[in-house]
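Okay, so here's the structure we're looking at.
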Amino acid sequence: MTDITLSPNLSRLFVTEIYKADLTGIAGFNDKIDELEDACRGVADDDVTGQDWCQKHSYLGYTSYGSVEDISRHATVFEELKRQLDIHVNSFATQVELDLSNRKLKLVSMWVNILDQYGAHSGHVHPHCAVSGTFYVSIPPGASAIRFEDPRLPQMMAAPLRLTSSRIDRQNFATFQPVRGTLLLWESWLRHEVLMNLSEEPRISISFNYA
Ligand SMILES: [Fe+2]
């Protein structure tokens with residue numbers, strides 16, 4: 001452990017880092033995103049258990065979370081996505097300097113989300129994992145953003161809010177609008193939510209956990 005050297009005025013400590021990549025820039029992968037969209041719809045069409053769960057829990061749309069153990073059995077294009085995810089998750093872990101003690105992060109779950117108009121997903125974390133993220137397959141006009149929450153919020157008690165004009169990394173909530181082909185990664189303890197989807201067309205994404 002090393003003592004830190006503080007800057008003369010302000011120093012930045014305890015950062016929260018979020019990783020973004022645009023997979024449309026990868027040679028040959030743009031077409032794969034269309035394939036992924038078909039594959040996501042295929043998983044939804046075939047998964048009666050998941051459809052029943054969504055209906056029973058008033059989920060506006062479909063999620064394969066908890067009902068389809070291995071979506072790559074439905075289409076090999078999910079394997080191709082996994083190959084990209086492995087590269088980016090490794091890059092993220094290296095850049096934020098996670099000490100993995102010579103072990104590798106491994107994909108432990110991957111699921112499809114098809115959010116219909118007015119659907120949302122309230123704030124949550126992904127327990128028992130190290131890195132989580134989402135790949136955005138179809139983001140039609142009006143499709144909802146993702147919002148991250150300052151993990152220190154429960155400790156803040158009577159702390160004043162930040163000015164709405166304050167720097168984004170000083171605010172307690174950070175909203176980001178993905179587009180088709182965006183990949184986002186974050187550490188699994190970071191609380192996040194999907195805001196209400198206002199697009200008439202479904203918002204399609206694939207989420208995953210690495211442990
Ligand atoms: Fe999530």
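The figures here come from the full heavy-atom set of this structure, side chains too, leaving out hydrogens, waters and symmetry mates. Being a predicted model, the structure only gives us computed values, none of them experimental. Start at 1 and go down the list; that is how both ligands and their atoms are numbered.
Around the Fe ion (ligand 1), protein N, O or S atoms at less than 2.8 Å comprise His124 NE2, His126 NE2, His192 NE2.
The main-chain N or O of Pro140 is never found under 3.5 Å from a side-chain atom of Arg203 such that the two would form a donor-acceptor pair.
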Per-pair distances, 0.1 Å, donor-acceptor, side chain in residues 204-211, under 3.5 Å, sequence neighbours excluded:
residue: Ser205; atom: OG; partner: Asn113; partner atom: ND2; Å: 3.3
residue: Ser207; atom: OG; partner: Asn113; partner atom: ND2; Å: 3.0
residue: Ser207; atom: OG; partner: Thr134; partner atom: OG1; Å: 3.0
residue: Asn209; atom: OD1; partner: His126; partner atom: ND1; Å: 2.7
residue: Asn209; atom: OD1; partner: Ser132; partner atom: OG; Å: 2.6
residue: Asn209; atom: ND2; partner: Ser109; partner atom: OG; Å: 3.2
residue: Tyr210; atom: OH; partner: Asp86; partner atom: N; Å: 3.3
residue: Tyr210; atom: OH; partner: Asp86; partner atom: OD1; Å: 2.7

Donor-acceptor list for residues 93-102 side chains, cut-off 3.5 Å, not counting sequence neighbours:
residue: Thr94; atom: OG1; partner: Asn90; partner atom: O; Å: 2.8
residue: Gln95; atom: NE2; partner: Ser91; partner atom: OG; Å: 3.1
residue: Asp99; atom: OD1; partner: Ser101; partner atom: N; Å: 3.0

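Residues satisfying the side chain to side chain contact (heavy atoms under 4.5 Å, CB included) criterion with Ser72, sequence neighbours excluded, are Asp70, Phe78, Glu79.
A perpendicular orientation is assigned to the rings of Trp111 and Tyr65, their planes being inclined by more than 60° (bins at 30° and 60°).
Thr24 and Asp22 are linked by a side-chain donor-acceptor pair at a separation below 3.5 angstrom, with hydrogens and angles left out of the test.
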